[in-house]
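Reckoned from all heavy atoms, side chains included, excluding hydrogens, waters and symmetry mates. Note that this is a predicted model, so its numbers are computed, not measured. All chains are named by letter (A, B, ...) in the order of the sequence lines, taking the proteins before the strands, and each is independently numbered beginning at 1.
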Amino acid sequence: MRTSQYLLSTLKETPATAEVISHQLMLRAGLVRNLASGLYTWLPTGLRVLKKVENIVREEMQRAGANEILMPMVQPADLWQESGRWDDYGPELLRLNDRHKRPFVLGPTHEEVVTKLVANELSSYKQLPLNVFQIQTKFRDEIRPRFGVMRGREFLMKDAYSFHLNHECLEKTYQIMFDAYCRIFERLELKFRPVIADTGSIGGEQSHEFHVLADSGEDDIAFSDSSDFAANIEKAEALAPTGERAEPTQALTKVATPNVKSIVEVATFLTVDIKQTVKTLLVVGANSEGEPDGIVALVLRGDHQLNEIKAEHLAQVASPLTFASDEQIQAAAHCNAGSIGPKGLTIDVIVDRSAAHLSDFVCGANEDDHHFTGVNWQRDCGEINVQDIRNVVAGDASPCGQGHIEIKRGIEVGHIFQLGQKYAAAMNCAVLNEAGKNQTLTMGCYGIGVSRIVAAAIEQNHDQYGIKWPKAIAPFQVAIVPMNMAKSARVKETAETLYESLKQAGIEVLLDDRKERPGVMFADHELIGTPLLLIVGERNLDAQQLELKNRITGEKSLIAIDDVMTLFK
RNA sequence: CGGUGAUUAGCGCAGCUUGGUAGCGCACUUGGUUUGGGUCCAAGGGGUCGCAAGUUCGAAUCUUGCAUCACCGACCA
């Protein structure tokens, strides 16, 4: 490709709306352009990278035995009603009507469509297992699109779905996909970790996320400092403190705490360690059918944070988690939010393991501007329901039994699930088994955010001058940068000859034939991150040499023109 | 969904307080100059100042409404 024919579209200045480095560089290097909130056009350079990521993913899926298909992006609503997700999915699901007023959705994922497909196509256990995948645009009407293509509303995703007669067979494919994912991210040269994850709205049993480690990531990942345990913080278990709870030593005392509301204020006012306080959160409860019903109290140690995912998995708590309104708080606790405590509440109380381990602690007195000190669970509150409902924090004992927790940020670029029979059962996806009986299939599903990987790769690979692409996904393998081509016939001829021979060898080469000053060219190529620059100039031509510059290492060296092709062997 | 802020040329911004029909840098066009790290000089082109209504002789500027974009939050107990 010649820059004179190419839509390079680099920007000298950073657009004001771009917050994270990958978004800034994607705009500056001319990879993408914003169309509307969360919607991006891919320019030639960005598309080249996107296609390379896509191809690596495709190759590894095929190597793992998956079949590529392509399903429609627009899906009939009745499929979603059949699976139950028409009601469950919420406003992220963009719904629309066709000209006949028939309801459709823009596909945020394809479990329904693929389950329907397989239900129709398969009839015998002999056809199992089957793994199909597609690489396709998804649409999710995100609450808050941000960070460019990192969390766009429209994005490119690889989604695979496997079908099995039983759970053992699913486990095998799940492991094959787990390994395929590791190979993909290794080929992409990204620093990544598989982590244990929650299954979220997709539903199902076991699940792993694949995270690219970067400070700009949106997820907290909990690691053990002495094993390979890693889990999304949503899922990382907080172990109960070891040892017996200390015996009460203090008398229960009610103290006035005028205008003292937050836990920090309480601890400061009473000069106690924040770890000797508990906070009580009131949330909407759930009845035996899982319908929202009543109010439930959740009690945490003052310095801990509620883990909403863990809380909403509890049978007594409504999902999604909803905090009680001020009126509901008054009705349940007879005081304002700043003074609630577990003692004397008539509603269900669920106590976190760490809070349950305290003795002689401080809590609200369920009376405005008053707290209790010297509270003890058994003595003052009776039997309590203890659960794990907090986020782990750095330094906690690792749930794997080895070492302690460390927390890092990650960008979720892949997610694999053991779905089980949720969709197959809802959509009647079954085959005849060996006994000639109808048997519902067991499913797995496996996603990779292809467009997000492009952003994640930049987050991990950049410097002050621009992007430093991993070799496997660089938009071009090499750029030819001629010095003063307009004035020197020799430079022009050498550059052109080199360009032709590289092109013929199938190498992705960009010839910078613009009439620009060297500094402009260098700056542009550093910005878009081409790994190798071949600099053609009068200076070295007498010796039949070129300058070779490595974008990643910054090394400069001289190379004989005749040896250039050896660089690509 | 709540809060905050922004919206003036392709991009980054000033002008608004104190109303008089718009400016700077970069980019772009033309000519010259320069040529191994974002040259320099000169001359140009480009804006219904987000949209609508109002106040006024007169609105980018004041008022009201709307839209879009972005950031923060959704842990206050």
Side-chain angles (χ1 to χ4, degrees), chain A residues 8-20 23-24 27-28 30 33-39 90-92 142-148 151 257 260-266 277-283 295 297-308 311 320-326 328-330 332-333 335-342 345 362-371 389-391 465-466 481-488 491 512 514-527 533-541 546-547 549 554 556 558:
Chain A
L8 202 54
S9 281
T10 53
L11 302 174
K12 206 179 263 189
E13 288 180 275
T14 304
T17 50
E19 195 70 13
V20 294
H23 188 198
Q24 293 173 357
L27 293 170
R28 288 224 296 133
R33 288 292 179 260
N34 178 256
L35 179 66
S37 181
L39 303 177
E92 253 185 36
E142 295 281 348
I143 298 179
R144 180 143 90 87
R146 62 187 132 175
F147 303 156
R151 184 173 291 283
T257 50
V260 172
K261 294 196 170 67
S262 74
I263 276 294
V264 175
E265 288 167 5
V266 170
T277 68
V278 305
K279 55 185 176 186
T280 307
L281 316 179
L282 298 189
V283 301
I295 298 294
L298 305 177
V299 181
L300 294 158
R301 210 171 76 186
D303 58 320
H304 285 149
Q305 293 200 322
L306 177 66
N307 181 313
E308 298 193 13
L321 190 81
T322 313
F323 284 90
S325 65
D326 290 344
Q328 289 170 319
I329 290 173
Q330 280 293 344
C335 67
N336 286 308
S339 304
I340 312 172
L345 284 180
V362 172
C363 67
N366 297 321
E367 180 182 333
D368 281 344
D369 296 331
H370 286 81
H371 282 74
I389 53 171
R390 72 169 172 97
N391 281 336
Y465 304 110
V481 186
M483 296 292 104
N484 204 11
M485 188 161 82
K487 282 277 172 66
S488 166
V491 167
D512 203 336
R514 292 176 297 176
K515 202 184 162 193
E516 281 291 357
R517 297 174 57 81
V520 174
M521 293 184 179
F522 288 134
D524 273 346
H525 293 291
E526 275 158 9
L527 180 57
L533 295 190
L534 285 168
I535 301 155
V536 186
E538 281 289 340
R539 200 185 275 180
N540 301 309
L541 274 187
L546 307 172
E547 186 180 317
K549 183 164 181 190
K556 294 179 189 172
L558 290 174

Student: Rounding to a whole Å, what distance do you find between A/Glu92:CD and B/C1:P?
Tutor: 14 Å
Student: Please report the shortest heavy-atom distance between A/Leu8 and A/Arg514, naming the atom on each side.
Tutor: CD2-NH1, 3.4 Å
Student: Take atom C1' in B/U8 and the same atom in B/U48, then report the distance between them in whole Å.
Tutor: 12 Å
Student: Whole-Å distance between B/C26 C1' and A/Lys12 NZ?
Tutor: 6 Å
Student: More 5' along RNA chain B: A/Phe147 or A/Glu308, using each one's nearest nucleotide?
Tutor: A/Phe147
Student: Using a cut-off of 4.0 Å on non-hydrogen atoms, how would the nucleic acid contact of A/Asn307 be classed: base, sugar-phosphate, or nothing?
Tutor: base
Student: For B/A52, which nucleotide in any strand shown is its Watson-Crick or wobble partner with both distances under 3.5 Å?
Tutor: B/U64
Student: Checking all strands, does A/Glu516 fall into the base, sugar-phosphate, or nothing category for heavy-atom contacts under 4.0 angstrom?
Tutor: nothing
Student: In whole Å, what separates the P atom of B/G20 from that of B/A59?
Tutor: 11 Å
Student: Locate the shortest heavy-atom distance separating A/Ser339 from A/His370; write the atom from each residue and the value.
Tutor: CB-O, 4.1 Å
Student: Taking the C1' atom of each, how far is B/A22 from B/C13, in whole Å?
Tutor: 14 Å
Student: Considering all heavy atoms of both residues, which atom of A/Met521 and which atom of A/Asp512 are nearest to each other, and what is their separation?
Tutor: CG-OD2, 3.4 Å
Student: Using the side-chain heavy atoms of A/Arg144, tell me which of these nucleotides is nearest: B/C71, B/G37, B/A77.
Tutor: B/C71
Student: Can you tell me which nucleotide in B/G36, B/A77, B/U35 comes closest to the side chain of A/Ile263?
Tutor: B/A77
Student: So, for A/Lys12 and A/Arg28, which heavy atoms are closest and what is the spacing to 0.1 Å?
Tutor: O-NH1, 3.3 Å
Student: Just call it for A/Lys549: base, sugar-phosphate, or nothing, with non-hydrogen atoms closer than 4.0 Å on any strand.
Tutor: base
Student: Tell me which nucleotide, if any, is Watson-Crick or G-U wobble paired with B/C13 when both distances must be under 3.5 Å.
Tutor: B/G23
Student: Quick check on RNA chain B: between A/Leu300 and A/Pro518, whose nearest nucleotide comes earlier from the 5' end?
Tutor: A/Pro518
Student: I'd like a list of close polar pairs between nucleotides 39-44 of chain B and the protein, N/O only, cut-off under 3.5 Å.
Tutor:
unit_1, atom_1, unit_2, atom_2, d
B/U39, OP2, A/Arg517, NE, 2.7

Student: So if I take every side-chain heavy atom of A/Ala523 and compare against B/G38, B/G37, B/A77, which nucleotide ends up nearest?
Tutor: B/G38
Student: Could you give the distance from CG (A/Asp369) to OG1 (A/Thr257), rounded to the nearest 0.5 Å?
Tutor: 6.0 Å
Student: Nearest heavy-atom pair of A/Leu300 and A/Gln305: which atoms, and what distance?
Tutor: CD1-C, 4.0 Å
Student: Have a look at A/Gly537 and say if it touches a base, only the backbone sugar-phosphate, or nothing, with a 4.0 Å heavy-atom cut-off.
Tutor: base
Student: Between B/U63 and B/G3, how many Å separate the two C1' atoms, rounded to a whole number?
Tutor: 24 Å
Student: Name the pairing partner of B/C40, where a pair is Watson-Crick or G-U wobble with both distances under 3.5 Å, or state none.
Tutor: B/G32
Student: To the nearest 0.5 angstrom, please state how far the CD atom of A/Glu265 sits from the NE2 atom of A/His371.
Tutor: 9.5 Å
Student: Check whether any side-chain N or O of A/Asn366 sits under 3.5 Å from a backbone N or O of A/Gly341 as a donor-acceptor pair, and report yes or no.
Tutor: yes
Student: Provide, to the nearest angstrom, the distance between the CG atom belonging to A/Asn391 and the P atom belonging to B/A74.
Tutor: 12 Å
Student: What integer distance in Å separates A/Leu39:CG from B/C69:P?
Tutor: 9 Å
Student: Base, sugar-phosphate, or nothing for A/Ile329, non-hydrogen atoms under 4.0 angstrom?
Tutor: base
Student: Please report the shortest heavy-atom distance between A/Ala333 and A/Leu282, naming the atom on each side.
Tutor: CB-CD1, 4.4 Å
Student: Nearest-Å distance, CG (A/Leu35) to C1' (B/U68)?
Tutor: 13 Å
Student: Do the side chain of A/Arg33 and the main chain of A/Leu27 share a donor and acceptor less than 3.5 angstrom apart?
Tutor: yes
Student: Using the P atom as the reference point in each nucleotide, state the distance between B/A43 and B/C26 in Å, no decimals.
Tutor: 14 Å
Student: At under 4.0 Å between heavy atoms, what does A/Asn540 touch on the DNA or RNA strands: base, sugar-phosphate, or nothing?
Tutor: base
Student: Considering only nitrogen or oxygen atoms on both sides, find all protein atoms under 3.5 Å from nucleotides 7-12 of chain B and state each distance.
Tutor:
unit_1, atom_1, unit_2, atom_2, d
B/C11, O2, A/Glu13, OE1, 3.3
B/G12, OP1, A/Ala16, N, 2.8

Student: Roughly how far, to the nearest 0.5 Å, is the CG atom of A/Asn336 from the CD atom of A/Gln330?
Tutor: 5.0 Å
Student: Among residues at least two apart in sequence or on other chains, which ones pass side chain to side chain donor-acceptor pair (under 3.5 Å) with A/Thr10?
Tutor: A/Asp524
Student: Provide the Watson-Crick or G-U wobble partner of B/U4, both distances under 3.5 Å; none if there is no partner.
Tutor: B/A70
Student: Could you tell me how far B/U7 sits from B/G15 if I compare only their C1' atoms? Round to whole Å.
Tutor: 15 Å
Student: With the side chain of A/Ser37 defined as its heavy atoms from C-beta on, choose the nearest nucleotide among B/A77, B/C71, B/C69.
Tutor: B/C69
Student: Categorize A/Glu526 for me: base, sugar-phosphate, or nothing, with a 4.0 angstrom heavy-atom threshold over every strand shown.
Tutor: base
Student: How many Å lie between CG on A/Leu8 and P on B/G38, as a whole number?
Tutor: 18 Å
Student: Sticking with atom P, work out how far B/C62 lies from B/C69, rounded to a whole angstrom.
Tutor: 25 Å
Student: Any idea which of B/G36, B/C71, B/G38 is nearest the A/Glu19 side chain?
Tutor: B/C71
Student: Rounded off to whole Å, could you give me the CG-to-P distance for the A/Asp368 and B/C76 pair?
Tutor: 18 Å
Student: Once you round it to whole Å, what is the distance between C1' of B/A74 and CD1 of A/Ile143?
Tutor: 9 Å
Student: In whole Å, what separates the P atom of B/A6 from that of B/G50?
Tutor: 13 Å
